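No experiment lies behind these values; they were computed from the predicted model shown. Just follow the structure's listing: the first ligand is 1, and inside any ligand the first atom is 1.
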Amino acid sequence: MADCIFCKIVAGQIPSARVYEDATKLAFMDIGPIQPGHVLLIPKAHFERLTDLPAEVAADLAACLPRLARAVVAAARADGFNLMQTNGTCAGQSVAHVHFHIIPRRNDDGYRFHWQPTAYKPGEMESWRAKIAAEVVRAQA
Ligand code: 5GP
Ligand code: ZN
């Protein structure tokens, strides 16, 4: 994709700090880390969203995540990590090339996501369950 910044990184047209790559995927340092050591994993082929990925591309990326996360945690001497993935501007996606964030976390890092749980009204969860379960059947694998 000509206008895609991550495709340009894959092609070497703009620089990146690479930590791992193979024929199909690339991991590199996020230029604006939530915490130091924040890494991005992308497929080398251009797909916008997770929902655009063929199952084999998704499986290839997912298989790499535990190894990459272990490396990030070890290098950062972290206590844990967040795995983040955004789809659509409404969800905070600013680069339209699918990517996984691996963010090392420490017990004392002071960072907090604004994650504010709400509650379902009676019957509401069941209504959502039924709608989503029906879509899972309809959706292609
Ligand atoms: P999103 O907001 O789409 O979930 O994540 C995109 C991420 O890409 C952001 O965390 C941002 O800091 C990172 N990013 C944007 N442009 C560049 C770039 O040119 N180089 C690198 N290494 N990271 C980038
Ligand atoms: Zn791209």
Check ligand 1 against H101 and write out every atom of the ligand that is under 4.0 Å from a heavy-atom position of the residue. 1 (P), 4 (O), 5 (O), 7 (C), 10 (O)

Could you tell me the residue and atom name of the protein heavy atom closest to atom 8 (O) of ligand 1, and the distance to it rounded to 0.1 Å? F6 CZ, 3.4 Å

Can you tell me how far the CD1 atom of I103 sits from the CD1 atom of I34, to the nearest 0.5 Å? 5.5 Å

Taken to the nearest 0.5 Å, the spacing of L68 CG from F100 CZ works out to 11.0 Å

Out of the N/O/S atoms in H97, what is the name of the one closest to the Zn ion (ligand 2)? ND1

Give the residue and atom name of whichever protein heavy atom lies nearest to atom 1 (P) of ligand 1, and the separation in Å to one decimal. H99 NE2, 3.1 Å

Could you find the nearest protein heavy atom to atom 3 (O) of ligand 1 and give me its residue, atom name and distance? S94 N, 2.6 Å

When you group the ILVMFWY residues by side-chain heavy-atom contacts below 4.5 Å and let the links chain together, are Y20 and L26 in the same group? no

Aromatic contact between H99 and H97, with the criterion being ring centroids under 6.0 Å apart: yes or no? no

Around atom 7 (C) of ligand 1, find the nearest protein heavy atom and jot down its residue, atom name and distance. D30 OD2, 3.4 Å

Would you say that more than 12 heavy atoms from the other residues, nucleotides or ligands in this model lie under 6.0 Å from the CG of D22, or not? yes

From L40 CG over to I9 CD1, what is the distance, rounded to the nearest 0.5 angstrom? 8.0 Å

Has ligand 1 got any nitrogen or oxygen that is less than 3.5 angstrom from a nitrogen or oxygen of F28? no

Looking at G92, which atoms of ligand 1 are within less than 4.0 Å of one of its heavy atoms? 1 (P), 2 (O), 3 (O), 4 (O)

re atom 20 (N) of ligand 1, the protein heavy-atom contact at minimum distance is I9 CD1, 3.6 Å

With nothing but distance in play, are any N or O atoms of Q93 less than 3.5 Å from an N or O of ligand 1? no

Please could you name the atoms of ligand 1 that T86 approaches to less than 4.0 Å, counting only its heavy atoms? 1 (P), 3 (O), 4 (O)

Can you confirm, on distance only, whether ligand 1 has an N/O atom lying under 3.5 Å from any N/O atom belonging to M29? yes

Taking non-hydrogen atoms only, is L40 closer than 4.0 angstrom to ligand 1 via side chain, backbone, both or neither? side chain

Under 4.0 Å from any heavy atom of I5, which atoms of ligand 1 are there? 19 (O)

Which residue and non-hydrogen atom of the protein lie closest to atom 23 (N) of ligand 1, and at what distance in Å? I31 N, 3.3 Å

List the closest protein heavy-atom neighbour of atom 15 (C) of ligand 1: residue, atom name, distance to the nearest 0.1 Å. V95 CG2, 4.0 Å

Atom indices of ligand 1, in the order listed, that fall short of 4.0 Å to a heavy atom of G32: 12 (O)

In H46, the N/O/S atom nearest the Zn ion (ligand 2) carries the name ND1

